[in-house]
Novice: 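Let me begin by handing over the structure; questions about it come next.
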Amino acid sequence: MKPTRFLIWTILFVSMLFHANVSAQDYIQWHLPEGAKARLGKGTIIGNIQYSPDGSLLAVPSSVGVWLYDADTHQEINLLVGHTAQISAIAFSPNGNTLAAGSTDGTIQLWNPRTGEQKASPRGHNRGRITSLAFSPLSQIDLLASGSSDKTIRLWGASTGNYITTLRGHTGAVTSVAFSPDGLMLASSGGHKDNTIRLWNANDNFRNFRLTVTTLAGHEYGVTSIAFSPDGQTLASGSQDNTVRLWNPHTEEHKGTLTEHTQGVTSVAFSPDGQTLASAGSDETIRLWDPATETLKITLAGHTGYTGSDTSVAFNPDGGTLVSAGDDQMIQFWDSTTFQHKSTITGHTSPVNEIAFAPDGQIFASVGDGKAIRLWDTDTGQLQDTLTGHGGRVFSVAFSPDNQTLASGGGWGDTAIRLWDVHAGQPKVPITSHKHGVESIMFSPDGSTMASGSWDSTVRLWDTDTSEHKATLRAGATVFTVAFSPDSRTLASGGRDNAIHLWDVERGEHLASLKEHTRPIDAVAFTSDGGTLASGSWDNTVRLWNIQTGQSYVTLMGHTSRVKSVVFFPDGKTLASGSWDDTIRLWDTQTGQLQSTLTGHTAGVNALALSTDGGTLASGSADGTILLWEFTPIAPKMKADVNGDGIVNIQDLVLVASHFGETGLSPGDVNGDGVVNVQDLVLIASHLGDS
């Protein structure tokens, strides 16, 4: 049974269905996992965006579900959840009464987009992600096609979700599927190592697409997206070879090649009148073409994503608006006639790499793949500020103990450590010294030193007052994590060499190497008394180490993927660990037993951070969201207060005496030397009366 201090607040579950005047921030509490009090960020946009046939809704697939927006006001209307993995493809039925959503886990779900009711759950593909979905334009045919990375296309009953048949022939992942406007043809595209488009012709009952198969070849690399023109006479295909090709699907003729993109084309879409073709590319541009003359009309540059690899475009049903969604997690609206930018939907977020609470607990910072540092209000979950300056992904962030300075580090071409004035939100002079990316940053508790761990296999120590370089600690392998002991005298680092290294901060000397993990070390953390070190590893385990003996005295097992983050609660009795198995686990450090498992993220948990009082645990994930979990605030444990009643007294002596002689993990081992003996009794006696 969980201790009462770990009872999590009752789930804050709010089902929002078409509330026109809902607060813009209410969505942070929609469909929360049990135990969470808020979700910050709408998740990462994964697949194609699409308007409903009547133009009233815009559907956006994300890592946490399908977001439905009012197409005119851009207000959040609903969040459809039910998949356990990220949404990778969506499609509306011709009458708009059904929305199909496909996931990276290969499953498909059918929804009523007006009520949020789940209608059916087709069995899905055996393996691989759903890459594309398309309904037959003939409502009476009741047909849904799904393309998958398992190299197949499957046909389903659009209303029942019943399986009909499987189409095989692609030699690579099926990246896109599309029906011709008359419903007589299904087109599919193949990705890397396939590079083809296949045309499947229907027989008389419109449900058997096996009879005639035509292959269109010409792209040099994988085809990412296909679309039929409204009259069905042209098929457009976008490819990683940087081109858009135009085909006559009936004669199989290659009509032309559009070549202005400088990187791969990720999405293509025709306007309803067929006079404009939009293409989005990894070059962060959207290009509008005249498909009849094969000429470029205009180039729109509105996205600034890290790679642009997931940019998608769609026209609204009347053709007046073009919408685009990019790796920068912005949804942009453009006037299709004047080509002017109209508006932007924000709130979707890139994968979160690290989180840090300010010492005063009022705000916390998050960093990730989106280049920016976000500052959040701890109580309300409101975004307070966004700091920009990094040129790529940001991997590390830390507050100074005096709450005046924020430090951040990134990689992939941006090796500087950037310093920020917390209150003014302004940059200070950056520190440039590391040769490669900075994976971890931490300030010493006494505020005198900052440590940075880097891919260049070093840890560097810096004077926090002058920013001068104090020492370089050569770890011998990529450093993923650093942590100071509470007295600021010892630094622990972990990295690719599977070892934890302990360093003397004052002398800059190596003290010891702890070597029991079998894979690289991603996370290290000290207890508040400095006697225990926790480490999380790629070997899926968490180990607890006695700092005095250098021995691992317990291994916490249960995670099924690498452990990316570990954090102790203030009293040292509970440890939280976050893993790429999408879970957070809470462990009793005195017994080594698992207390509970927190679920709700749809991708790996990269970061955990705890408020100073232990009342709020923040978890950051590759799904682009931060979940806030509420606990009863905990006062830091006094080392000699064995029974945790807030005072060192005779009861603590009796408790230790009852465990006298035990070795290994024992509540009576006060000094952490692995054995309950007279030294533990002496330690308690010296603190009698402390509270």
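The analysis underlying the following values was restricted to heavy atoms, covering all of them including side chains, and did not include hydrogens, waters or symmetry mates.
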Novice: Between Thr266 and Thr224, is any side-chain donor less than 3.5 angstrom from a side-chain acceptor?
Specialist: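 Side chains of Thr266 and Thr224: no pair found under 3.5 Å.
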Novice: Any side-chain heavy atom of Thr44 sitting closer than 4.5 Å to one from Pro351?
Specialist: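 Yes, side chains in contact.
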Novice: Considering residues at least two apart in sequence or located in another chain, which fulfil the ring pair (Phe, Tyr, Trp, His ring centres under 6.0 Å) criterion with His192?
Specialist: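 Partners of His192 under the ring pair (Phe, Tyr, Trp, His ring centres under 6.0 Å) test: none.
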Novice: Classify the ring geometry between Trp247 and His254 as parallel (under 30°), tilted (30 to 60°) or perpendicular (over 60°).
Specialist: tilted
Novice: Using side-chain heavy atoms (C-beta onward) and a distance below 4.5 Å, is Leu155 in contact with Leu186?
Specialist: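 SC-SC contact between Leu155 and Leu186 confirmed.
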Novice: Is Lys342 atom NZ crowded by more than 12 heavy atoms from other residues, nucleotides or ligands, each under 6.0 Å away?
Specialist: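 Yes, enclosed.
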Novice: Side chains of Ile331 and Val323: does their closest heavy-atom pair fall under 4.5 Å?
Specialist: yes
Novice: Are any non-hydrogen side-chain atoms of Leu68 and Leu99 less than 4.5 angstrom apart?
Specialist: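 They are in contact (side-chain heavy atoms under 4.5 Å apart), so the answer is yes.
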Novice: Going by the salt bridge (charged side-chain N to carboxylate O under 4.0 Å, His left out) test, which pairs reach into residues 42-64, not counting sequence neighbours?
Specialist: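 Listed once each, the pairs are Lys42-Glu76, Asp54-Arg114.
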Novice: Have Trp67 and Asn78 got a donor and an acceptor in their side chains that come within less than 3.5 Å?
Specialist: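 There is no such pair between these side chains.
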Novice: To the nearest 0.5 Å, tell me how far Asn97 CG sits from Lys119 NZ.
Specialist: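 Result: 6.0 Å between the selected atoms.
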Novice: Nearest 0.5 Å, what's the CZ-OG distance between Arg129 and Ser149?
Specialist: 7.0 Å
Novice: Check the pair Ser146 / Ile108 against side chain to side chain contact (heavy atoms under 4.5 Å, CB included), numbers first and verdict last.
Specialist: CA-CA 9 Å; Ser146 60; Ile108 300 169; 3.7 Å; yes
Novice: Knowing that exactly one of Ser621, Ser366, Ser619 qualifies, which makes a side-chain contact (heavy atoms from CB on, under 4.5 Å) with Ile626?
Specialist: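 Testing each of Ser621, Ser366, Ser619 against Ile626, the sole residue satisfying side-chain contact (heavy atoms from CB on, under 4.5 Å) is Ser366.
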Novice: About how many Å separate CG of Leu133 and CG of Leu144, when rounded to the nearest 0.5 Å?
Specialist: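 Between atom CG of Leu144 and atom CG of Leu133 there are 5.5 Å.
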Novice: Looking at every heavy atom in both Asn606 and Ala622, which two are closest together, and how far apart are they?
Specialist: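 Scanning both residues, the minimum pair turns out to be ND2-N, 3.7 Å.
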Novice: Enter the distance from Leu322:CG to Leu288:CG here, rounded to the nearest 0.5 Å.
Specialist: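 That separation rounds to 6.0 Å.
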Novice: Would Leu79 and Arg39 count as a side chain to side chain contact (heavy atoms under 4.5 Å, CB included) here? Give the steps.
Specialist: CA-CA 12 Å; Leu79 171 63; Arg39 179 193 296 109; 4.0 Å; yes
Novice: Could you check Ser103 against Ile130 for side chain to side chain contact (heavy atoms under 4.5 Å, CB included), going step by step and ending with a plain yes or no?
Specialist: CA-CA 6 Å; Ser103 173; Ile130 305 297; 5.6 Å; no
Novice: Is Phe333 close to Ile345 at the side-chain level, that is, under 4.5 Å between some pair of heavy atoms?
Specialist: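 In contact.
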Novice: Test Thr175 against Ser189 for side chain to side chain donor-acceptor pair (under 3.5 Å), laying out the working first.
Specialist: CA-CA 6 Å; Thr175 56; Ser189 61; 2.7 Å; yes
Novice: Evaluate the criterion side chain to side chain contact (heavy atoms under 4.5 Å, CB included) for residue pair Thr171 and Lys193; output intermediate values, then yes/no.
Specialist: CA-CA 7 Å; Thr171 59; Lys193 295 184 179 180; 5.7 Å; no
Novice: Would you mind telling me which of Thr160, Thr166, Thr165 makes a side chain to side chain donor-acceptor pair (under 3.5 Å) with Tyr163?
Specialist: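 Answer to the side chain to side chain donor-acceptor pair (under 3.5 Å) test with Tyr163 among Thr160, Thr166, Thr165: Thr166.
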Novice: Regarding Asp142 and Ser159, is there a side-chain donor-to-acceptor distance under 3.5 Å anywhere?
Specialist: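 The answer is yes; a qualifying pair exists.
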Novice: Considering the options His348, Lys371, His303, which one meets the side chain to side chain donor-acceptor pair (under 3.5 Å) requirement together with Asp328?
Specialist: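 The passing option is His303.
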Novice: Taking C-beta and beyond as the side chain, do Val265 and Ser239 meet within less than 4.5 Å on heavy atoms?
Specialist: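 SC-SC contact between Val265 and Ser239 ruled out.
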Novice: Are any non-hydrogen side-chain atoms of Val174 and Ser148 less than 4.5 angstrom apart?
Specialist: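 Result no, sub-4.5 Å side-chain heavy-atom pair not found.
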Novice: When rounded to the nearest 0.5 angstrom, what is the spacing between OG1 in Thr602 and CD1 in Ile87?
Specialist: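 One finds 8.5 Å between OG1 of Thr602 and CD1 of Ile87.
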Novice: Examine the side chains of Thr299 and Arg287 and answer whether a donor and an acceptor come within less than 3.5 Å of each other.
Specialist: yes
Novice: Return the CG to CH2 distance between Leu40 and Trp376, rounded to the nearest 0.5 Å.
Specialist: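 Those atoms lie 5.0 Å apart.
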Novice: Are Leu110 and Ser121 side-chain neighbours, meaning at least one heavy-atom pair lies under 4.5 Å?
Specialist: no
